Enquirer: 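I am attaching a structure below and will ask some questions about it afterwards.
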2 protein chains.
Amino acid sequence: MQPDKKTTYQDVRDEVLRRIQGRIWDQGSLLPTEQDLSEEFGCARATVNRALRELAERGIIDRKRKSGTRVAIAPVKQARLEISVTRQQIEEMNASYRYRLVSREIVPAPGWLAAQMGLPAQAQVLHLICMHYADNRPFQHENRWINIDAVPDIAEADFSDTGPNEWLLARVPFSDAEITLSSVAAEAEIASFLGAKEGTPLFLMERSTWFQEQPVTFVRLHFHQGYRMRTRY
Amino acid sequence: MQPDKKTTYQDVRDEVLRRIQGRIWDQGSLLPTEQDLSEEFGCARATVNRALRELAERGIIDRKRKSGTRVAIAPVKQARLEISVTRQQIEEMNASYRYRLVSREIVPAPGWLAAQMGLPAQAQVLHLICMHYADNRPFQHENRWINIDAVPDIAEADFSDTGPNEWLLARVPFSDAEITLSSVAAEAEIASFLGAKEGTPLFLMERSTWFQEQPVTFVRLHFHQGYRMRTRY
DNA sequence: TAGTGGTCTAGACCACCTG
DNA sequence: AGGTGGTCTAGACCACTAC
């Protein structure tokens, strides 16, 4: 073995993880202090801190000032769902993407939508219905409402070529969103768009989006029958 | 305004985010170097680095050595799903939790399972079916297979009182998992357990788990009708 | 080859929390 | 009151990569 260069935070992080997985440090038990670990590993305390901070972000350990660092007991695991634009999602499957605008109208926000988005009464919204196809098979039915006050430019966009999701992302990036996933029976109209029978179980994603506290859009995405969403942690 | 103490990495992070959201730095544009920013903010480069690193982890900016830091263009947003033990999930709803073991048997792994988990042919697995109730209403149907070779102690556990998820978490913590979410029609048996009609759309979570490259368990969780999974980003 | 981000160090001070 | 993690600093060297 050659004389090691330096101890990296990855080294520390991986070794600590190894000891936790190997039950050298059991669940709930107290780890040595950063000071002690930095001496053991022959590195600066900042390096240990960086390593332990990453493990804490992953939920592997719990840290508290004064009381120290403990191995987490009933970890709430975090799975990361990657949410990308539908076109990109389809192209990553090596399928050809096709988009179609079904309808476009400006209406006063219905009551349930105003409540859902936190809109003032009588706010005007743009209501869009679109379809996304992968290799010419129905992939996703998009039912979207956009708060016109939040996106004035919206009147100029006709969405005949580009979906509203891509359009919005280019203009209102990095917003906050709340997502709900569920399983629903296909209504007759949506079923026909997706080439499924009425009542077929469909995967539904609903998303509300805000930009700087202002409600921007609410969208209901019905995926084709048999769609599966995957992730790791 | 008082003489500010020090610039924190949060200050830098929030100000950079503000400039991105305010289109001062537009999508795809190049940010100043860490050196420049540290001078502007009057702090150390390490502080700027920490701030930009967090934004990069969130997908807000892209960083490359030599070429610099750019505002991300079509960000793949990451939503974090919190996955906790069913009991905990129910108790957080302020509902009473009840668990019931439906069946328990040791069998050779069926072909589809061996393929799914990457098990050797003829591996022995423990097959469990359990129910979880919230306020005595069916909440989740659990159909689980456990690789006996990976968890030898399993023979001693009868799971009449505690669900296998909690039992496993206490013994095989911090494993890797792959999750699939989908929408399925309730089969007759599962429907009856969940108090729903056959064919009802149900939210299904399937999860494969490994510990140090070794397959541990595969579980199929059917949630009650109308279940919704929520997250933010 | 030179510029940029990635990381480590050694020391310091602070904030929070438990005893 | 004191111990522990949280953070900042100033400087240094390294790794990657566009030029």
Side-chain angles (χ1 to χ4, degrees), chain A residues 1-17 19-20 25-73 75-76, chain B residues 1-17 19-20 25-73 75-76:
Chain A
M1 196 180 291
Q2 300 167 11
D4 291 335
K5 313 272 291 186
K6 277 184 184 172
T7 307
T8 68
Y9 78 90
Q10 289 99 331
D11 295 335
V12 179
R13 185 233 292 144
D14 294 347
E15 174 59 19
V16 169
L17 187 57
R19 291 184 190 177
I20 291 173
W25 292 328
D26 214 335
Q27 287 179 80
S29 67
L30 202 58
L31 267 61
T33 65
E34 294 189 347
Q35 184 65 44
D36 291 344
L37 287 172
S38 69
E39 285 166 14
E40 179 195 338
F41 289 110
C43 64
R45 185 166 79 90
T47 305
V48 174
N49 180 275
R50 169 93 190 259
L52 296 185
R53 179 160 21 98
E54 285 203 0
L55 294 175
E57 280 168 6
R58 285 202 238 164
I60 308 279
I61 57 179
D62 290 326
R63 319 198 70 194
K64 266 190 209 164
R65 283 161 152 134
K66 168 67 182 175
S67 42
T69 301
R70 291 180 180 280
V71 182
I73 302 187
V76 176
Chain B
M1 196 180 291
Q2 300 166 12
D4 291 335
K5 314 271 289 187
K6 278 183 182 173
T7 306
T8 68
Y9 78 91
Q10 289 100 331
D11 295 335
V12 179
R13 186 233 293 143
D14 294 347
E15 174 59 19
V16 169
L17 187 57
R19 291 184 190 177
I20 291 173
W25 292 328
D26 214 335
Q27 287 178 79
S29 68
L30 201 59
L31 268 62
T33 65
E34 294 189 348
Q35 184 65 44
D36 291 344
L37 287 172
S38 69
E39 285 166 15
E40 178 193 341
F41 289 110
C43 64
R45 185 166 79 90
T47 304
V48 174
N49 181 275
R50 169 92 190 259
L52 297 186
R53 180 161 20 100
E54 284 203 0
L55 294 175
E57 280 168 6
R58 284 202 240 164
I60 308 281
I61 56 179
D62 290 325
R63 319 198 70 194
K64 265 190 209 165
R65 284 160 150 132
K66 169 68 181 175
S67 47
T69 301
R70 291 181 180 279
V71 182
I73 302 187
V76 176

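All values below come from the heavy atoms of this structure, side chains included, with hydrogens, waters and symmetry mates left out. Below, chain A is the first sequence line, B the second, and so on; all start at residue 1. The model shown is predicted, which means the values in this text are computed figures rather than measured ones.
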Enquirer: For B:G59 and B:A72, which heavy atoms make the closest approach, and how far apart are they?
Expert: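 For B:G59 and B:A72, the tightest heavy-atom pair comes out as O-CB, 3.4 Å.
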Enquirer: Exactly one of B:V16, B:T69, B:D14 should register a side-chain contact (heavy atoms from CB on, under 4.5 Å) with B:L55. Which one does?
Expert: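 Result: among B:V16, B:T69, B:D14, B:V16 is the only option passing the side-chain contact (heavy atoms from CB on, under 4.5 Å) with B:L55.
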Enquirer: Could you measure the distance from the CG atom of A:D62 to the OG atom of A:S67? Nearest 0.5 Å is fine.
Expert: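 The OG atom of A:S67 is 9.5 Å from CG of A:D62, to the nearest 0.5 Å.
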Enquirer: Salt bridge check: are B:E54 and A:R53 linked by an N-O gap of less than 4.0 Å?
Expert: no
Enquirer: Between the two end axes of the helix from C:dT1-D:dA18 to C:dT18-D:dA1, each built from 5 base pairs, what angle do you get to the nearest 10°?
Expert: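 Result, rounded to 10 degrees: 20°.
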Enquirer: Between C:dG3 and B:S67, is there an OP1 or OP2 to side-chain N/O distance shorter than 4.0 Å?
Expert: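 No.
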Enquirer: Rounded off to whole Å, could you give me the CD-to-P distance for the B:Q10 and D:dG6 pair?
Expert: 12 Å
Enquirer: Under 4.0 Å from OP1 or OP2 of D:dG5: is there any side-chain N or O of A:T69 that close?
Expert: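 A:T69 to D:dG5 OP1/OP2: side-chain N or O found under 4.0 Å.
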Enquirer: Can you confirm whether B:R58 sits close enough to B:L17 that some side-chain heavy atom of one is under 4.5 Å from a side-chain heavy atom of the other?
Expert: yes
Enquirer: What I want to check is whether the side chains of A:Q35 and A:T33 have a donor and an acceptor closer together than 3.5 Å.
Expert: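 Side-chain D/A pair, A:Q35 to A:T33: absent.
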Enquirer: Can you check the B:L55 CG to C:dG5 P distance for me, whole Å?
Expert: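 Result: 13 Å.
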Enquirer: When the distance from CD of A:Q35 to P of D:dT7 is rounded to whole Å, what number comes out?
Expert: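 Rounding to the nearest Å, CD of A:Q35 and P of D:dT7 are 18 Å apart.
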Enquirer: So which of residues 36-52 of chain B are in contact with DNA chain C, with a heavy-atom cut-off of under 4.0 Å?
Expert: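 The stretch gives B:R45, B:N49 as the residues lying under 4.0 Å from the strand, ordered by number.
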Enquirer: Table please: side-chain donor-acceptor pairs of residues 45-52 of chain B below 3.5 Å, with sequence neighbours left out.
Expert:
residue	atom	partner	partner atom	Å
B:R45	NH1	B:E34	OE1	2.5
B:N49	ND2	B:E34	OE2	2.8
B:R50	NH2	B:Y9	OH	3.2

Enquirer: Taking OP1 and OP2 of D:dG6, is either one under 4.0 Å from a side-chain nitrogen or oxygen of A:R53?
Expert: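 No, no such contact exists.
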Enquirer: Using whole Å, report how far CZ of A:R65 lies from C1' of C:dG19.
Expert: 18 Å
Enquirer: Rounded to whole Å, please give me the gap between OH in B:Y9 and P in D:dG6.
Expert: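 Taking atom P of D:dG6 as the reference, OH of B:Y9 is at 10 Å.
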Enquirer: Between P on D:dG5 and CD on A:E57, what's the gap in Å once rounded to a whole number?
Expert: 16 Å
Enquirer: Rounding to an integer number of Å, can you tell me how far A:K66 NZ sits from C:dC14 C1'?
Expert: 16 Å
Enquirer: Measure across B:W25 and B:V71 and return the closest heavy-atom pair with its distance rounded to 0.1 Å.
Expert: O-CG2, 3.9 Å
Enquirer: As a quick check of understanding, evaluate side-chain hydrogen bond (donor to acceptor under 3.5 Å, both in side chains) for B:S29 and B:D26, giving each step before the final call.
Expert: CA-CA 6 Å; B:S29 68; B:D26 214 335; over 6 Å; no
Enquirer: Nearest-Å distance, CG (A:L30) to C1' (D:dT4)?
Expert: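 It works out to 10 Å between those atoms.
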